[in-house]
Amino acid sequence: MPVLFADNDILLNYMTNNTESDVSTGAVSAFSVFGLSQDVLSCLEKKGFSAPTPIQSIALPRLMADEGHLIVRARTGTGKTAAFGIPLVEKLTTAGHAPRALILTPTRELCLQVSREIASLNPRPSPRITAVYGGASIRTQILDLKRGVEIVVGTPGRIMDLMERKVLDLCAVDWFILDEADEMLDMGFFEDVEKILEAVKPERRVALFSATMPEPILRVVRTHIGEVDILEDPAPAEDEKPAVDQYYLVLKREDKLEALRRIIDQAEDFYGLVFCATKVETDELARRLVESGYTAEAIHGDLSQEARERTLRRFRVQHTKILVATDVAARGLDIERLSHVINWNLPNDKETYVHRIGRTGRAGRRGKAVSLALPAERGRMKALSHSMERVLGSAIVWTQVPSVKSVMKALRRRIVGEVMEAAGPLDKPDLSNETLPGEGAAPDGENVLIQDTPPAAPAEEIQSSSLNPYIRKVCTQLVEELGAERALEAIITARYGEHLDPSRYGTVTEFTEEDFRQSFQKPGRRGKGFEGRRFEGRRREGAFEEEPRVPRGGGEGWRREGRFEEGSHSPQGGKTRVYVGLGRGHGAGAREVVSLLMRAGGVPGRLIDSIEMKEFCAFATLPAEAARRACSFSQNSSGVPSIRVATDKTPR
């Protein structure tokens, strides 16, 4: 399947003899070149859409044409919702009883986001739009469908449920749109996607948007659509790359929370996402952050829809400053002004990493992405850094944990700023009321409280301020009884004393490049570089074993909890074969096994393969570290099917 870019024939036809287009670059400067109605153009103008994005310049000409499919490799945040939403509101203007367009999304959040965005593009009563997804009342959704809608936006699971209940008829669907297809593949939904696609009439038009094009997606395209061109954005310009400063720390596992606390406290105004591998870890980390005095909440797939929406609502208005999330739960979230993205656990691939860090550094603001790596993961970080240097033009820099001294300095600067802001633009006593707001405010704010004057003078200063009478009386009394300097010290201690206490921070083991160079010097002398140092770790031949590592190229067995097991099946390419106590006799299929391993191992579905279903068990292959997490999850959780490393002696 050839990959085409924005300068395709259809786009050129739209641009021919049009002065508002730049044919040579495939760029379009106005939506009017696509033949949109004045109502839609006015709606776009009200939304502030002055010119189409590159992905819209690719998609709109094809979708506005009367025939043809559209397969686009498109990143998140490129305006693809409007790319397929504008043609729908332009063409589906006649009300009917059966849906004319079906849009599948991988998550509930993205489903709601897409439906709201398309509704905001619609200037007319038709098309009518409804969103159907799990976790919300299916009865309400059924009533919406019975009233009649033209566009249905939904998640695969709820669409299948409504089809089985015979309340969603897809026989009239002319438009079948898949948004973030690779994420549906990761989440194990593609079996449902194919069934839904088969239920739609053969004459339907298909638009598929995906950040990546793995083989399973290409297979579905070939099977259900045929050989078609795959369009792709031109390489993003420099200013389209996320403006993110990327760092990573090398830490012992027990030091991660301390490092995260220092990162949060050193930031001027931390507002960020923290990504964990599993649902259990998100809950645990959020709990520990709250216990440490931070406003944090967790979001993952086990939350009810009401709880998820409530959590996101608090995070959007910054009542919660830290959101701890899994990759799947964070899909479709569009949060503005994020300052930080923290990788508590490293992502499984570079695409996931780019998607994570792309949530900050938007709208002209610079963001920071910090990854917390274990010593055994240093190699993965170096490889990821090389990839980011090629993709984004900047490497991931190894840095040190912020020192307590630097954190205290940042806290002091922030506290002074808060107090000065609260003081407001105080007037100088010798100036008239016409003094400009803010002029000389900072020096006045300091002098009023700390100057050595008789009690009456400070009271008079306070009397002339804009404080409400209750605060004014308290201030006057404190200054009269304690004096200005002692009163200020007491107030700061009461309000910020806990924050300005350096003893609240623990110690962190620091690693440097030199530590690792010495640990791997000569084959016969490994371990010498770590002897007598101030830090200790579990060592195997001088190398830290924070996590089990698969030997390069396999071996006689693979490590389980840091040990080699004789007779075990060697993992290929860093993968491990696991036994799962869930089989056909339990009413489970491959999808249920994948879902369980995704949840237990914190790994996307595309990295789980070679699934072998048995009557009362199953076998699957997944990355070695994910297998370790899955086994640990099974051992520590009640009501979860047994998951363990498969060996030659495992019953088959």
Side-chain angles (χ1 to χ4, degrees), residues 76 80-85 87-89 92 96-122 126-201 204-210 217 220 224 301 303-306 308-309 312 328-329 331-334 591 595:
T76 299
K80 51 188 170 61
T81 303
F84 60 74
L88 294 181
V89 300
L92 303 180
H97 295 292
R100 300 275 309 283
L102 176 64
I103 304 169
L104 293 184
T105 64
T107 65
R108 291 173 275 196
E109 288 76 22
L110 186 57
C111 174
L112 286 168
Q113 183 180 316
V114 168
S115 63
R116 289 167 182 163
E117 178 67 13
I118 295 178
S120 73
L121 297 169
N122 186 16
S126 292
R128 295 162 295 175
I129 306 161
T130 191
V132 296
Y133 50 89
S137 170
I138 194 170
R139 185 172 300 177
T140 302
Q141 295 171 2
I142 290 173
L143 289 175
D144 288 341
L145 292 172
K146 288 184 175 179
R147 291 190 193 102
V149 294
E150 285 67 59
I151 301 174
V152 175
V153 187
T155 54
R158 181 50 60 94
I159 293 291
M160 288 288 292
D161 194 357
L162 293 168
M163 289 170 59
E164 290 168 1
R165 293 170 183 251
K166 309 294 184 184
V167 293
L168 178 58
D169 184 6
L170 302 180
C171 66
V173 167
D174 296 315
W175 301 73
F176 185 89
I177 297 170
L178 282 172
D179 193 11
E180 299 205 6
D182 52 347
E183 287 308 308
M184 281 187 251
L185 176 64
D186 284 351
M187 297 168 68
F189 287 148
F190 241 58
E191 186 178 336
D192 287 347
V193 170
E194 291 193 75
K195 290 180 181 177
I196 296 169
L197 188 53
E198 290 169 357
V200 180
K201 64 183 181 181
R204 77 282 181 270
R205 298 182 64 189
V206 176
L208 184 149
F209 295 83
S210 182
I217 292 179
V220 169
H224 297 278
L303 293 181
S304 68
Q305 183 63 21
E306 181 183 357
R308 290 160 70 94
E309 291 177 359
L312 290 175
V328 170
R331 270 289 166 180
L333 298 186
D334 187 15
R591 178 183 170 187
S595 178

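Because only heavy atoms are used, hydrogens play no part in the values below, and waters and symmetry mates are left out as well, while side chains stay in. Everything numeric here is computed off the predicted structure, so don't read it as measured data.
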Problem - Close side-chain approach of Leu168 to Leu170, heavy-atom, < 4.5 Å - result: yes
Fill in the blank from the handout: With Val153 as partner, the option from Val114, Val132, Thr130 fulfilling side-chain contact (heavy atoms from CB on, under 4.5 Å) is Val114
Practice task
Answer yes or no: is there a donor N or O on one side and an acceptor on the other, between the side chain of Glu150 and the main chain of Gly96, under 3.5 Å?
Solution key: yes
Problem - Non-hydrogen atoms of Val193 and Pro156 that approach each other most closely - result: CG2-CG, 4.3 Å
Handout entry: Interatomic distance, His224 atom NE2 to Arg204 atom CZ [nearest 0.5 angstrom]
Key = 8.0 Å
Practice task
Assess whether side-chain contact (heavy atoms from CB on, under 4.5 Å) is satisfied between Ile217 and Leu208, documenting all intermediate values.
Solution key: CA-CA 10 Å; Ile217 292 179; Leu208 184 149; 4.2 Å; yes
Practice task
Flag the pair Asp144 / Arg147 as yes when at least one side-chain heavy-atom distance between them is below 4.5 Å, and no otherwise.
Solution key: yes
Handout entry: Separation between CD1 of Ile177 and CD1 of Ile118, rounded to the nearest 0.5 Å
Key = 6.5 Å
Fill in the blank from the handout: CG of Asp174 to CG of Leu102, rounded to nearest 0.5 Å, is 11.5 Å
Practice task
Starting at CG of Leu92, measure out to CG of Asn122 and round the result to the nearest 0.5 Å.
Solution key: 9.5 Å
Practice task
Test Lys80 against Glu180 for salt bridge (charged side-chain N to carboxylate O under 4.0 Å, His left out), laying out the working first.
Solution key: CA-CA 10 Å; Lys80 51 188 170 61; Glu180 299 205 6; 3.8 Å; yes
Handout entry: Beyond-backbone contact of Phe176 with Leu104, side-chain heavy atoms, under 4.5 angstrom
Key = yes
Handout entry: Under 3.5 Å donor-acceptor, Gln141 side chain and Tyr133 backbone
Key = yes
